Amino acid sequence: MLNPADDALAARLPAGVLREVTPAYLEEPRGRWRGHAGLVAAPRNTDEVASVVRACAEARVAIVPRGGGTGLVAGQVMPDGPAPLILSLERMTALRGVWPEENVLVAEAGMTLQAVRDAAEGAGRLFPLSLASQGTAAIGGCLATNAGGVTALRYGTARALCLGIEAVLPDGSVVHDLKRLRKDNTGYDLRDLLIGAEGTLGVITAASLKLVVPPPNIGTAMLQVPSPEAALTLLALAEGRMAGGVTAFELIGGQGLAFLAEVLPEIRQPLPGVEWSVLVEVGLPEGMAPEAALEGLLMDAMERGLVTDGVIAQSGAQAAGLWHLREHIPEANRRIGAVASHDISLPLSEIAGFIRDAGAALSGEEVRINCFGHLGDGNLHYNLFPAPGRHRADYDDRRKALSERVHGMVVARGGSFSAEHGVGRLKTGDLARWGDPARLAAMRAIKAALDPLGIMNPGAVLSAAG
(Lines give C-alpha, C1' and ligand atoms only; values in the text may rest on other atoms or scores of the structure.)
Protein backbone atom coordinates (compact mmCIF):
# COMPACT_ATOMS: atom_id res chain seq x y z
CA MET A 1 0.00 0.00 0.00
CA LEU A 2 1.24 3.46 -0.92
CA ASN A 3 0.69 6.60 1.10
CA PRO A 4 -0.12 10.13 -0.11
CA ALA A 5 2.54 12.80 -0.37
CA ASP A 6 1.72 15.06 2.56
CA ASP A 7 3.14 17.63 4.94
CA ALA A 8 4.98 14.96 6.92
CA LEU A 9 6.90 13.97 3.79
CA ALA A 10 7.46 17.61 2.87
CA ALA A 11 9.24 18.15 6.18
CA ARG A 12 11.75 15.42 5.29
CA LEU A 13 12.74 16.85 1.92
CA PRO A 14 15.77 19.05 1.24
CA ALA A 15 15.15 22.73 1.84
CA GLY A 16 14.01 24.72 -1.17
CA VAL A 17 13.00 21.84 -3.46
CA LEU A 18 9.22 22.14 -3.18
CA ARG A 19 7.17 23.89 -5.84
CA GLU A 20 3.51 24.83 -5.93
CA VAL A 21 1.27 22.12 -7.37
CA THR A 22 0.07 24.08 -10.40
CA PRO A 23 -2.12 22.71 -13.23
CA ALA A 24 0.87 22.54 -15.59
CA TYR A 25 2.28 19.62 -13.57
CA LEU A 26 -0.98 17.69 -13.84
CA GLU A 27 -1.62 17.92 -17.58
CA GLU A 28 -0.52 16.10 -20.72
CA PRO A 29 -0.62 17.50 -24.27
CA ARG A 30 -3.63 15.61 -25.60
CA GLY A 31 -5.87 16.55 -22.67
CA ARG A 32 -7.28 13.07 -22.17
CA TRP A 33 -5.65 12.46 -18.79
CA ARG A 34 -5.35 14.64 -15.73
CA GLY A 35 -3.09 13.73 -12.86
CA HIS A 36 -3.08 14.64 -9.21
CA ALA A 37 -0.27 15.23 -6.74
CA GLY A 38 0.27 15.97 -3.10
CA LEU A 39 3.68 17.59 -3.63
CA VAL A 40 5.94 18.76 -6.45
CA ALA A 41 9.69 18.63 -5.85
CA ALA A 42 12.24 20.21 -8.19
CA PRO A 43 15.71 19.20 -6.97
CA ARG A 44 18.76 21.23 -7.97
CA ASN A 45 21.24 18.37 -8.20
CA THR A 46 21.59 14.61 -8.11
CA ASP A 47 22.15 14.48 -4.36
CA GLU A 48 18.85 16.24 -3.81
CA VAL A 49 17.12 13.84 -6.21
CA ALA A 50 18.54 10.96 -4.18
CA SER A 51 17.34 12.54 -0.93
CA VAL A 52 13.83 13.01 -2.32
CA VAL A 53 13.65 9.44 -3.60
CA ARG A 54 15.00 8.07 -0.31
CA ALA A 55 12.40 10.00 1.66
CA CYS A 56 9.62 8.74 -0.59
CA ALA A 57 10.84 5.16 -0.25
CA GLU A 58 10.85 5.42 3.53
CA ALA A 59 7.36 6.93 3.53
CA ARG A 60 6.08 4.62 0.77
CA VAL A 61 4.99 7.50 -1.42
CA ALA A 62 4.69 7.17 -5.20
CA ILE A 63 7.01 9.22 -7.41
CA VAL A 64 6.08 10.45 -10.88
CA PRO A 65 9.25 11.68 -12.65
CA ARG A 66 8.64 14.59 -15.01
CA GLY A 67 10.76 16.12 -17.73
CA GLY A 68 9.31 18.58 -20.22
CA GLY A 69 5.83 17.08 -20.00
CA THR A 70 5.57 16.52 -23.76
CA GLY A 71 4.90 12.77 -23.62
CA LEU A 72 1.82 11.56 -25.47
CA VAL A 73 0.96 8.36 -23.56
CA ALA A 74 0.26 9.80 -20.09
CA GLY A 75 3.46 8.56 -18.51
CA GLN A 76 3.92 11.94 -16.78
CA VAL A 77 0.53 12.09 -15.02
CA MET A 78 -0.93 9.77 -12.38
CA PRO A 79 -4.72 10.07 -12.20
CA ASP A 80 -5.46 7.39 -9.59
CA GLY A 81 -4.25 6.18 -6.22
CA PRO A 82 -2.80 8.08 -3.25
CA ALA A 83 -1.56 11.50 -4.32
CA PRO A 84 2.05 11.08 -5.50
CA LEU A 85 5.07 13.34 -5.39
CA ILE A 86 5.90 14.73 -8.81
CA LEU A 87 9.67 14.84 -9.22
CA SER A 88 10.47 17.49 -11.79
CA LEU A 89 13.95 17.74 -13.34
CA GLU A 90 13.29 21.29 -14.55
CA ARG A 91 16.08 22.83 -12.45
CA MET A 92 18.76 20.33 -13.49
CA THR A 93 19.76 21.97 -16.75
CA ALA A 94 23.54 22.11 -16.55
CA LEU A 95 25.85 21.26 -19.40
CA ARG A 96 28.50 19.26 -17.57
CA GLY A 97 30.98 19.10 -20.42
CA VAL A 98 31.62 18.84 -24.14
CA TRP A 99 34.45 16.85 -25.72
CA PRO A 100 34.34 17.62 -29.45
CA GLU A 101 37.36 15.44 -30.19
CA GLU A 102 35.49 12.51 -28.65
CA ASN A 103 32.11 13.51 -30.11
CA VAL A 104 30.61 13.43 -26.61
CA LEU A 105 28.48 15.83 -24.57
CA VAL A 106 27.33 15.33 -20.97
CA ALA A 107 24.04 17.00 -20.05
CA GLU A 108 21.77 16.99 -17.06
CA ALA A 109 18.35 15.49 -17.55
CA GLY A 110 16.44 18.77 -17.41
CA MET A 111 18.22 20.32 -20.39
CA THR A 112 15.85 20.65 -23.30
CA LEU A 113 16.67 18.79 -26.45
CA GLN A 114 17.04 22.13 -28.22
CA ALA A 115 19.57 23.31 -25.62
CA VAL A 116 21.55 20.11 -26.13
CA ARG A 117 21.49 20.58 -29.89
CA ASP A 118 22.59 24.22 -29.48
CA ALA A 119 25.47 23.22 -27.20
CA ALA A 120 26.62 20.63 -29.73
CA GLU A 121 26.42 23.18 -32.54
CA GLY A 122 28.51 25.58 -30.49
CA ALA A 123 31.23 22.94 -30.41
CA GLY A 124 31.01 22.33 -34.16
CA ARG A 125 29.08 19.12 -33.72
CA LEU A 126 25.53 17.80 -34.13
CA PHE A 127 23.33 15.97 -31.65
CA PRO A 128 21.07 14.42 -34.26
CA LEU A 129 17.96 13.56 -32.27
CA SER A 130 15.26 15.87 -33.66
CA LEU A 131 11.64 16.22 -32.54
CA ALA A 132 8.92 18.78 -33.18
CA SER A 133 8.74 19.33 -29.40
CA GLN A 134 12.50 19.77 -28.91
CA GLY A 135 12.15 23.27 -27.51
CA THR A 136 10.27 21.83 -24.52
CA ALA A 137 11.15 18.13 -24.36
CA ALA A 138 13.85 17.41 -21.78
CA ILE A 139 16.73 15.07 -22.58
CA GLY A 140 15.91 12.91 -19.56
CA GLY A 141 12.40 12.38 -20.85
CA CYS A 142 13.71 11.67 -24.34
CA LEU A 143 15.84 8.90 -22.90
CA ALA A 144 13.15 7.64 -20.53
CA THR A 145 10.82 7.15 -23.51
CA ASN A 146 13.56 6.24 -26.02
CA ALA A 147 12.36 8.99 -28.35
CA GLY A 148 12.83 8.52 -32.08
CA GLY A 149 12.11 11.49 -34.31
CA VAL A 150 12.82 12.27 -37.92
CA THR A 151 16.51 11.28 -38.07
CA ALA A 152 16.27 7.78 -36.57
CA LEU A 153 16.71 6.33 -40.07
CA ARG A 154 20.34 7.48 -40.09
CA TYR A 155 21.31 7.98 -36.46
CA GLY A 156 19.00 5.73 -34.45
CA THR A 157 16.71 6.44 -31.51
CA ALA A 158 17.70 8.13 -28.24
CA ARG A 159 19.06 4.80 -26.98
CA ALA A 160 21.56 4.65 -29.84
CA LEU A 161 22.76 8.16 -29.02
CA CYS A 162 23.51 7.57 -25.33
CA LEU A 163 26.85 6.26 -24.05
CA GLY A 164 26.23 6.41 -20.31
CA ILE A 165 23.86 7.66 -17.65
CA GLU A 166 23.68 8.84 -14.10
CA ALA A 167 20.49 7.78 -12.37
CA VAL A 168 18.85 7.48 -8.97
CA LEU A 169 17.38 4.06 -8.24
CA PRO A 170 14.18 3.52 -6.23
CA ASP A 171 16.06 3.09 -2.94
CA GLY A 172 17.83 6.43 -3.39
CA SER A 173 21.19 4.97 -4.44
CA VAL A 174 22.95 6.65 -7.35
CA VAL A 175 24.26 4.86 -10.43
CA HIS A 176 27.40 6.72 -11.54
CA ASP A 177 27.85 5.51 -15.10
CA LEU A 178 28.50 8.65 -17.15
CA LYS A 179 31.15 6.91 -19.19
CA ARG A 180 32.28 8.35 -22.50
CA LEU A 181 33.19 4.94 -23.93
CA ARG A 182 32.06 3.25 -27.11
CA LYS A 183 33.07 -0.16 -25.79
CA ASP A 184 32.49 -1.29 -22.21
CA ASN A 185 31.62 -4.95 -21.68
CA THR A 186 31.52 -4.96 -17.89
CA GLY A 187 28.34 -6.83 -17.11
CA TYR A 188 24.69 -5.92 -17.30
CA ASP A 189 23.95 -2.69 -19.15
CA LEU A 190 21.90 -0.64 -16.70
CA ARG A 191 21.96 2.22 -19.18
CA ASP A 192 19.90 0.28 -21.68
CA LEU A 193 17.62 -0.96 -18.91
CA LEU A 194 16.76 2.52 -17.69
CA ILE A 195 16.43 4.02 -21.18
CA GLY A 196 12.87 3.38 -22.30
CA ALA A 197 11.70 2.41 -18.79
CA GLU A 198 9.63 5.62 -18.50
CA GLY A 199 10.69 6.32 -14.94
CA THR A 200 9.46 2.98 -13.59
CA LEU A 201 12.93 1.75 -12.58
CA GLY A 202 14.65 4.97 -11.56
CA VAL A 203 15.21 8.61 -12.39
CA ILE A 204 17.77 9.55 -15.04
CA THR A 205 19.61 12.65 -13.84
CA ALA A 206 22.33 13.06 -16.51
CA ALA A 207 23.59 11.40 -19.67
CA SER A 208 26.66 11.10 -21.87
CA LEU A 209 25.45 11.69 -25.40
CA LYS A 210 26.96 10.86 -28.77
CA LEU A 211 27.66 13.72 -31.12
CA VAL A 212 28.48 13.54 -34.82
CA VAL A 213 30.30 15.75 -37.26
CA PRO A 214 27.49 17.48 -39.15
CA PRO A 215 27.30 16.63 -42.84
CA PRO A 216 28.72 19.62 -44.74
CA ASN A 217 26.19 19.46 -47.57
CA ILE A 218 22.49 19.10 -46.82
CA GLY A 219 19.69 18.86 -49.36
CA THR A 220 15.93 18.67 -48.97
CA ALA A 221 13.16 17.75 -51.40
CA MET A 222 9.44 17.08 -51.35
CA LEU A 223 8.38 14.51 -53.93
CA GLN A 224 4.92 13.38 -55.00
CA VAL A 225 4.55 9.61 -55.13
CA PRO A 226 1.63 7.58 -56.48
CA SER A 227 1.45 5.21 -53.51
CA PRO A 228 3.15 4.02 -50.31
CA GLU A 229 4.57 1.12 -52.37
CA ALA A 230 6.25 3.62 -54.65
CA ALA A 231 7.53 5.56 -51.64
CA LEU A 232 9.22 2.46 -50.25
CA THR A 233 10.83 1.67 -53.58
CA LEU A 234 11.96 5.29 -53.78
CA LEU A 235 13.54 4.95 -50.32
CA ALA A 236 15.57 1.94 -51.47
CA LEU A 237 16.59 3.81 -54.62
CA ALA A 238 17.67 6.87 -52.63
CA GLU A 239 19.71 4.81 -50.17
CA GLY A 240 21.36 2.94 -53.01
CA ARG A 241 22.31 6.11 -54.85
CA MET A 242 23.54 7.99 -51.77
CA ALA A 243 25.21 5.24 -49.73
CA GLY A 244 24.09 6.09 -46.21
CA GLY A 245 23.49 9.76 -46.94
CA VAL A 246 19.70 9.72 -46.43
CA THR A 247 19.03 11.41 -43.09
CA ALA A 248 15.23 11.53 -43.10
CA PHE A 249 12.48 10.07 -45.27
CA GLU A 250 9.02 11.19 -44.20
CA LEU A 251 5.73 9.93 -45.62
CA ILE A 252 2.98 12.57 -45.79
CA GLY A 253 -0.61 11.60 -46.55
CA GLY A 254 -3.02 13.86 -48.37
CA GLN A 255 -5.37 14.06 -45.39
CA GLY A 256 -2.61 15.74 -43.40
CA LEU A 257 -2.17 18.35 -46.11
CA ALA A 258 -5.92 18.92 -46.18
CA PHE A 259 -5.95 19.49 -42.41
CA LEU A 260 -3.09 21.98 -42.79
CA ALA A 261 -5.00 23.86 -45.48
CA GLU A 262 -8.07 23.94 -43.26
CA VAL A 263 -6.61 25.15 -39.96
CA LEU A 264 -3.19 26.56 -40.88
CA PRO A 265 -3.73 28.05 -44.35
CA GLU A 266 -0.74 30.37 -43.92
CA ILE A 267 1.64 27.41 -44.27
CA ARG A 268 2.78 27.22 -47.88
CA GLN A 269 2.25 23.89 -49.60
CA PRO A 270 4.49 23.33 -52.62
CA LEU A 271 2.51 20.23 -53.68
CA PRO A 272 -1.05 20.99 -52.52
CA GLY A 273 -3.75 18.39 -52.77
CA VAL A 274 -1.56 15.37 -53.56
CA GLU A 275 -2.56 12.02 -52.10
CA TRP A 276 0.93 10.90 -51.09
CA SER A 277 4.28 12.65 -50.86
CA VAL A 278 7.62 12.17 -49.16
CA LEU A 279 9.97 14.67 -47.57
CA VAL A 280 13.59 13.63 -48.09
CA GLU A 281 16.67 15.07 -46.44
CA VAL A 282 20.19 14.00 -47.38
CA GLY A 283 23.49 14.89 -45.75
CA LEU A 284 26.47 14.41 -48.03
CA PRO A 285 30.25 14.78 -47.65
CA GLU A 286 32.50 17.41 -49.20
CA GLY A 287 32.61 17.28 -52.96
CA MET A 288 29.02 16.11 -53.36
CA ALA A 289 26.31 18.62 -54.26
CA PRO A 290 23.04 17.62 -52.59
CA GLU A 291 20.83 19.50 -55.05
CA ALA A 292 22.46 17.65 -57.95
CA ALA A 293 22.13 14.34 -56.11
CA LEU A 294 18.44 14.98 -55.46
CA GLU A 295 17.90 16.05 -59.07
CA GLY A 296 19.47 12.78 -60.20
CA LEU A 297 17.22 10.87 -57.83
CA LEU A 298 14.16 12.77 -59.08
CA MET A 299 14.90 12.08 -62.74
CA ASP A 300 15.66 8.41 -62.12
CA ALA A 301 12.52 8.00 -60.00
CA MET A 302 10.31 9.72 -62.58
CA GLU A 303 11.59 7.41 -65.30
CA ARG A 304 10.69 4.45 -63.10
CA GLY A 305 7.21 5.84 -62.32
CA LEU A 306 8.01 6.28 -58.63
CA VAL A 307 7.64 10.07 -58.59
CA THR A 308 5.19 12.26 -60.53
CA ASP A 309 6.25 15.72 -59.34
CA GLY A 310 8.61 17.31 -56.89
CA VAL A 311 10.38 20.36 -55.55
CA ILE A 312 14.02 20.55 -54.47
CA ALA A 313 14.95 23.25 -51.98
CA GLN A 314 17.41 25.72 -53.46
CA SER A 315 18.23 27.46 -50.18
CA GLY A 316 18.22 26.94 -46.46
CA ALA A 317 15.06 29.02 -46.20
CA GLN A 318 13.26 26.81 -48.71
CA ALA A 319 14.40 23.68 -46.87
CA ALA A 320 13.18 25.17 -43.60
CA GLY A 321 9.83 25.86 -45.24
CA LEU A 322 9.45 22.21 -46.21
CA TRP A 323 10.27 21.07 -42.69
CA HIS A 324 7.95 23.74 -41.28
CA LEU A 325 5.13 22.07 -43.19
CA ARG A 326 6.00 18.60 -41.90
CA GLU A 327 6.45 19.73 -38.30
CA HIS A 328 3.04 21.42 -38.22
CA ILE A 329 1.07 18.34 -39.23
CA PRO A 330 0.74 17.32 -35.54
CA GLU A 331 -0.46 20.83 -34.67
CA ALA A 332 -3.10 20.65 -37.39
CA ASN A 333 -4.11 17.25 -36.05
CA ARG A 334 -4.49 18.71 -32.58
CA ARG A 335 -6.73 21.50 -33.84
CA ILE A 336 -8.95 19.09 -35.74
CA GLY A 337 -9.14 16.74 -32.74
CA ALA A 338 -8.33 13.05 -33.17
CA VAL A 339 -10.68 10.24 -32.31
CA ALA A 340 -7.71 7.93 -31.72
CA SER A 341 -3.98 8.31 -32.38
CA HIS A 342 -1.63 5.42 -33.03
CA ASP A 343 2.16 5.44 -32.89
CA ILE A 344 3.03 2.22 -34.70
CA SER A 345 5.94 0.56 -36.43
CA LEU A 346 6.01 -2.18 -39.02
CA PRO A 347 8.57 -4.10 -41.03
CA LEU A 348 9.11 -2.02 -44.16
CA SER A 349 7.78 -4.77 -46.41
CA GLU A 350 4.48 -4.78 -44.47
CA ILE A 351 3.77 -1.05 -44.52
CA ALA A 352 2.02 -0.73 -47.87
CA GLY A 353 -0.19 -3.73 -47.20
CA PHE A 354 -1.11 -2.42 -43.77
CA ILE A 355 -2.07 1.02 -45.11
CA ARG A 356 -4.21 -0.58 -47.80
CA ASP A 357 -5.91 -3.18 -45.61
CA ALA A 358 -6.40 -0.96 -42.56
CA GLY A 359 -8.01 1.70 -44.72
CA ALA A 360 -10.40 -0.87 -46.13
CA ALA A 361 -11.18 -2.31 -42.71
CA LEU A 362 -12.02 1.12 -41.31
CA SER A 363 -13.95 2.36 -44.34
CA GLY A 364 -17.33 1.91 -42.65
CA GLU A 365 -16.39 3.66 -39.40
CA GLU A 366 -17.07 7.26 -40.53
CA VAL A 367 -13.51 8.40 -39.80
CA ARG A 368 -10.87 10.29 -41.71
CA ILE A 369 -7.41 8.71 -41.63
CA ASN A 370 -4.25 10.77 -41.48
CA CYS A 371 -1.31 8.45 -42.07
CA PHE A 372 2.13 10.05 -41.93
CA GLY A 373 5.48 9.59 -40.28
CA HIS A 374 9.01 8.26 -40.41
CA LEU A 375 8.76 5.84 -43.31
CA GLY A 376 12.51 5.25 -43.40
CA ASP A 377 12.48 3.40 -40.08
CA GLY A 378 8.98 1.93 -40.36
CA ASN A 379 7.34 4.28 -37.84
CA LEU A 380 3.93 5.62 -38.83
CA HIS A 381 1.47 7.85 -37.04
CA TYR A 382 -1.88 6.38 -38.01
CA ASN A 383 -4.52 8.74 -36.63
CA LEU A 384 -8.30 8.63 -36.91
CA PHE A 385 -10.41 11.80 -37.04
CA PRO A 386 -14.13 12.51 -37.04
CA ALA A 387 -15.99 12.58 -40.31
CA PRO A 388 -16.82 16.11 -41.54
CA GLY A 389 -19.49 17.68 -39.38
CA ARG A 390 -18.89 15.36 -36.45
CA HIS A 391 -16.93 15.84 -33.22
CA ARG A 392 -14.48 13.45 -31.61
CA ALA A 393 -16.74 13.16 -28.56
CA ASP A 394 -19.24 11.39 -30.83
CA TYR A 395 -16.81 8.47 -30.94
CA ASP A 396 -16.12 8.12 -27.22
CA ASP A 397 -17.94 4.81 -27.02
CA ARG A 398 -15.92 3.41 -29.94
CA ARG A 399 -12.45 4.90 -29.36
CA LYS A 400 -11.04 1.92 -27.50
CA ALA A 401 -12.44 -0.59 -29.99
CA LEU A 402 -11.05 1.38 -32.93
CA SER A 403 -7.58 1.44 -31.40
CA GLU A 404 -7.75 -2.27 -30.66
CA ARG A 405 -8.59 -2.94 -34.30
CA VAL A 406 -5.68 -0.85 -35.53
CA HIS A 407 -3.23 -2.36 -33.07
CA GLY A 408 -4.47 -5.86 -33.82
CA MET A 409 -3.75 -5.35 -37.52
CA VAL A 410 -0.30 -4.00 -36.68
CA VAL A 411 0.62 -6.91 -34.40
CA ALA A 412 -0.66 -9.42 -36.97
CA ARG A 413 1.95 -8.08 -39.39
CA GLY A 414 4.80 -8.33 -36.90
CA GLY A 415 4.66 -4.68 -35.88
CA SER A 416 4.58 -2.71 -32.65
CA PHE A 417 1.73 -0.68 -31.18
CA SER A 418 4.28 1.64 -29.55
CA ALA A 419 7.05 2.83 -31.82
CA GLU A 420 8.55 5.95 -30.28
CA HIS A 421 6.17 7.42 -27.69
CA GLY A 422 6.38 4.62 -25.12
CA VAL A 423 3.66 2.73 -23.26
CA GLY A 424 2.90 5.16 -20.44
CA ARG A 425 -0.51 4.60 -18.92
CA LEU A 426 -2.35 4.77 -22.23
CA LYS A 427 -1.08 1.45 -23.61
CA THR A 428 -0.64 -0.77 -20.56
CA GLY A 429 -3.64 -2.84 -21.66
CA ASP A 430 -2.15 -3.27 -25.13
CA LEU A 431 1.14 -4.46 -23.65
CA ALA A 432 -0.64 -6.93 -21.36
CA ARG A 433 -2.68 -8.22 -24.31
CA TRP A 434 -0.04 -8.46 -27.01
CA GLY A 435 3.26 -8.57 -25.15
CA ASP A 436 5.27 -11.79 -25.16
CA PRO A 437 4.47 -13.61 -21.89
CA ALA A 438 8.08 -14.51 -21.11
CA ARG A 439 9.22 -10.93 -21.79
CA LEU A 440 6.45 -9.53 -19.59
CA ALA A 441 7.39 -11.92 -16.79
CA ALA A 442 11.01 -10.82 -17.02
CA MET A 443 9.95 -7.16 -16.97
CA ARG A 444 7.88 -7.73 -13.85
CA ALA A 445 10.77 -9.54 -12.18
CA ILE A 446 13.11 -6.64 -12.94
CA LYS A 447 10.55 -4.16 -11.62
CA ALA A 448 10.10 -6.17 -8.42
CA ALA A 449 13.87 -6.46 -7.90
CA LEU A 450 14.68 -2.78 -8.40
CA ASP A 451 11.46 -1.27 -7.03
CA PRO A 452 10.05 -3.73 -4.50
CA LEU A 453 7.87 -1.02 -2.92
CA GLY A 454 6.36 -0.09 -6.27
CA ILE A 455 6.91 3.65 -5.81
CA MET A 456 8.40 4.52 -9.20
CA ASN A 457 5.73 5.79 -11.59
CA PRO A 458 3.15 3.17 -10.58
CA GLY A 459 0.65 2.36 -13.28
CA ALA A 460 2.99 3.23 -16.12
CA VAL A 461 4.24 0.58 -18.60
CA LEU A 462 3.13 -2.45 -16.57
CA SER A 463 -0.50 -2.81 -15.59
CA ALA A 464 -1.30 -3.41 -11.94
CA ALA A 465 -2.44 -6.96 -12.58
CA GLY A 466 -1.75 -9.71 -15.08
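All residue numbers in this chain count up from 1 along the given sequence. Since the structure is predicted, the reported quantities are computational estimates derived from the model, not experimental observations.
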Within the side chain of [X], is there an N or O that forms a donor-acceptor pair under 3.5 Å with the backbone of [Y]?
X	Y	answer
Glu28	Ala74	no
Ser133	Thr70	no
Arg368	Gln255	no
Gln269	Ile267	no
Thr112	Ala115	yes
Arg405	Leu362	no
Arg125	Val212	no
Gln134	Leu131	yes
Asn457	Gly199	no
Asn379	His374	no

So, do [X] and [Y] sit near enough that their side-chain heavy atoms are less than 4.5 Å apart?
X	Y	value
Val168	Glu48	no
Leu126	Glu121	no
Tyr382	Leu384	yes
Leu209	Met111	no
Val461	Lys447	no
Asn383	Phe259	no
Leu431	Met443	yes
Glu90	Tyr25	yes

Looking at every non-hydrogen atom in both residues, tell me the closest pair between [X] and [Y] and how far apart they are.
X	Y	answer
Val49	Leu89	CG2-CD1, 4.3 Å
Ile204	Ala144	CD1-N, 4.3 Å
Pro214	Gly124	CD-O, 3.4 Å
Asp430	Leu426	OD2-O, 4.4 Å
Pro170	Met456	CG-CG, 3.5 Å
Pro226	Gly305	CG-O, 3.7 Å

At what distance, to the nearest 0.5 angstrom, does [atom1] of [X] lie from [atom2] of [Y]?
X	Y	atom1	atom2	value
Leu375	Ile355	CG	CD1	7.5 Å
Leu234	Asp300	CG	CG	9.5 Å
Met222	Glu250	CE	CD	11.0 Å
Leu190	Leu193	CG	CG	6.5 Å
Ser349	Glu229	OG	CD	12.0 Å
Asn146	Thr157	CG	OG1	3.5 Å

Contacts of Phe417 meeting ring-ring contact (aromatic ring centres under 6.0 Å, His included) (sequence neighbours excluded), chain-then-number -> His407
Residues pairing under salt bridge (charged side-chain N to carboxylate O under 4.0 Å, His left out) where one sits in residues 272-291, two or more places apart or in two chains, turn out to be none
Pair listing, salt bridge (charged side-chain N to carboxylate O under 4.0 Å, His left out) test, anchored in residues 64-78, at least two apart
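Checked against salt bridge (charged side-chain N to carboxylate O under 4.0 Å, His left out) - neighbours excluded - no pair reaches residues 64-78.
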If you measure only the distance, is there a donor-acceptor pair under 3.5 Å linking the side chains of Thr247 and Arg154?
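Arg154 and Thr247 do have a side-chain donor-acceptor pair below 3.5 Å.
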Is it true that Ser341 and His381 share a donor-acceptor pair across their side chains at a distance under 3.5 Å?
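No.
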Does this structure show an ion pair linking Glu166 with Arg96, if we count only N-O contacts that are shorter than 4.0 Å?
yes
Using a strict 4.0 Å threshold on nitrogen-to-oxygen distance, state whether Glu331 and Arg335 make a salt bridge.
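Here Glu331 pairs with Arg335 in a salt bridge, since their nearest N and O are under 4.0 Å apart.
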[X] atom [atom1]: more than 12 heavy-atom contacts under 6.0 Å:
X	atom1	answer
Glu102	CD	yes
Met302	CE	yes
Arg182	CZ	yes

Test side-chain contact (heavy atoms from CB on, under 4.5 Å) applied to Val274 and Asp309, step by step:
CA-CA 10 Å; Val274 303; Asp309 196 3; over 6 Å; no
Passes side-chain contact (heavy atoms from CB on, under 4.5 Å), Asp343 versus Val73? Steps please.
CA-CA 10 Å; Asp343 166 44; Val73 289; over 6 Å; no
Show the numbers, then the answer: is there a side-chain contact (heavy atoms from CB on, under 4.5 Å) between Val17 and Arg44?
CA-CA 7 Å; Val17 303; Arg44 289 155 289 204; 4.0 Å; yes
Is the terminal nitrogen or CZ of Arg425 (NZ for Lys, CZ for Arg) located under 6.0 angstrom from the six-membered ring centre of Trp33 and within 45° of that ring's axis?
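No - Arg425 does not lie over the ring of Trp33 by the 6.0 Å and 45° rule.
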Step-by-step side-chain contact (heavy atoms from CB on, under 4.5 Å) determination, Val52 to Val203:
CA-CA 11 Å; Val52 170; Val203 182; over 6 Å; no
